[in-house]
Amino acid sequence: MGHRLKFVMFSALLAAVLLPHPAHAAREKGFTVVAAIIKDESAGMFSEPASLFFDEAKKRMYVADTLNNRLVSFDNDFRYLAELSHENFAMPMAVARTSAGEFFIVDGKTNEMKLVDVQNKVIKPFVIKGLPPAMEKFIPGRFSMDNDERIYVIDRLNRRIVVVDRDGNFIRAVSPPKRQSGGRVFYGFNDFRV
């Protein structure tokens, strides 16, 4: 049920963002739209929401409302709860919540990961320690967390996924195999889930 709920909510958000007539277009593709969150009286209009995270423990959905420079939360029935914005982050492109209640985001304006400690009102860069050098500078993209709160983040310019622990210590990097002659060119990751 939890995985189905996440998939349906993800489909609903994508329908709200990408499809001109969400319910009609989604029905043609075999999806059931349970909610099309385009705007809300309390939250206002979204502007290019780029990512969402569903917290199974709290039954809350968090949306990275990128061009509005905020994170917006909804309850299990898609009712608006709150929003978070701060001068120390802009254009959030990805979001995840830890079991301790902190948020990881990718700040699209500065091209860095940040840790948002809501309780202590602190936002700081999330630095990856021991990251091996690559051809290009590390620019984080979307990311995912596993049950042990290891973070898997796309290294956008180096066509790999970097795996780190909760404290930012490098664990490993995952890359597709090198191109064989006549094979397809791999341009990089756009999104993924653990």
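At least one side-chain heavy atom of R156 sits under 4.5 Å from a side-chain heavy atom of N111.
Evaluation of the ring pair (Phe, Tyr, Trp, His ring centres under 6.0 Å) test over residues 98-130, restricted to residues two or more places apart or in two chains, returns Y62-F103, F104-F126.
The number of heavy-atom neighbours closer than 6.0 Å to CG of D167, taken from other residues, nucleotides and ligands shown, is above 12.
Atoms CG and CG, from D165 and D148 in turn, are 11.0 Å apart once rounded to the nearest 0.5 Å. To the nearest 0.5 Å, atom CG of residue L81 and atom CG of residue D75 are 5.0 Å apart. The structure places CZ of R150 at 16.0 Å from CZ of F143, a figure rounded to the nearest 0.5 Å. Remark: R97 CZ to E149 CD distance equals 9.5 Å, nearest 0.5 Å. Interatomic distance, CG of N76 versus CD of E56, reported as 10.0 Å (0.5 Å rounding). With values rounded to the nearest 0.5 angstrom, T66 atom OG1 is found 10.5 Å from D107 atom CG.
I139 and V162 end up in different hydrophobic clusters when Ile, Leu, Val, Met, Phe, Trp and Tyr side chains are linked at under 4.5 Å.
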>> One pair to check against side chain to side chain contact (heavy atoms under 4.5 Å, CB included): R172 and Y152. What are the steps and the verdict?
In response: CA-CA 10 Å; R172 70 180 180 276; Y152 300 72; 4.2 Å; yes

>> Assess the residue pair R70 and D65 against the criterion (salt bridge (charged side-chain N to carboxylate O under 4.0 Å, His left out)); give the C-alpha distance rounded to whole Å, side-chain angles, the decisive distance to 0.1 Å, and a yes or no.
In response: CA-CA 5 Å; R70 65 184 181 163; D65 189 9; 2.7 Å; yes

> Passes side chain to side chain contact (heavy atoms under 4.5 Å, CB included), L115 versus R166? Steps please.
Replying inline: CA-CA 10 Å; L115 180 65; R166 167 63 185 78; 4.1 Å; yes

>> side chain to side chain contact (heavy atoms under 4.5 Å, CB included), that's the test. Do V164 and V153 meet it? Break it down for me.
In response: CA-CA 8 Å; V164 300; V153 59; 5.5 Å; no

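Residues M145 and A96 come closest through the heavy atom pair CE-CB, 4.0 Å. Heavy-atom minimum distance, P140 versus V106: O-CG1, 3.8 Å. Across all their heavy atoms, M61 and F78 have their closest contact at CE-CD2, 4.0 Å.
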